[in-house]
Amino acid sequence: MSLLKRLFGGGGEAAASRAPGEDHGGYTIYVEPAKVPGGYRVGARIEKGEQVHQMIRSDVISSEEEARTTSLLKAKHLIDQQGDDIF
C-alpha cells in the first residue's frame, strides 16, 4: 500500500452500515467508520439527492460503537457548518 493511501485513510475496510441512513435537515447520513489498525476511523457518507460527500476524519477510536456515535455527530456538525458547500 502506498504511503499516501496510509496517510489519508485508503485501505481501511468500511464497517457495514447496520441501520438505514439518518435524516438531518434534508441530508441523509450513513455512518461508515473504517476498521484500521488500532480501532475504527471516523467516517460517514452524506447524501442530498444525487450529491454525495464522503466524510473521513483522522480520528481513530478503539470502540466501533463509539466510532459510529462520533461519526454521526461529526457529520451533523459538518452539515450545520457548511450545508451544500460540502458538495
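The figures here come from the full heavy-atom set of this structure, side chains too, leaving out hydrogens, waters and symmetry mates.
Atom CG of Leu73 sits about 12.5 Å away from atom CG of Leu78, to the nearest 0.5 Å. Considering CD of Glu47 and CZ of Phe87, their distance stands at 8.0 Å, rounded to 0.5 Å. Atom CD of residue Glu32 and atom CZ of residue Arg68 lie 9.0 Å apart, to the nearest 0.5 angstrom. To the nearest 0.5 Å, atoms CD1 (Ile29) and NZ (Lys48) are separated by 12.5 Å. We find the CD1-CD1 distance between Ile86 and Ile79 to be 5.5 Å, quoted to the nearest 0.5 Å.
Residues that satisfy the salt bridge (Lys or Arg N to Asp or Glu O under 4.0 Å) test with Glu22, not counting sequence neighbours, are Lys76.
Annotation: side chain of Arg41 is not in contact with side chain of Arg57 (no heavy-atom distance under 4.5 Å). Between Ile46 and Val52 there is no side-chain heavy-atom pair separated by less than 4.5 Å. Here the side chains of Met55 and Arg45 are not in contact, with every heavy-atom distance at 4.5 Å or above. You'll find the side chain of Thr70 reaches within 4.5 Å of the side chain of Ile61, heavy atoms only. Annotation: side chain of Tyr27 is in contact with side chain of Asp84 (closest heavy-atom distance under 4.5 Å).
In terms of heavy-atom proximity, Val31 sits nearest to Ser71 at CG1-CB, 3.8 Å.
Using modelled atom types and a 3.5 Å distance limit, the side chains of Asp59 and Tyr40 yield no donor-acceptor pair.
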#### Entry: Verdict with reasoning, Asp80 to His24, per side chain to side chain contact (heavy atoms under 4.5 Å, CB included)
CA-CA 9 Å; Asp80 292 343; His24 182 72; 2.8 Å; yes
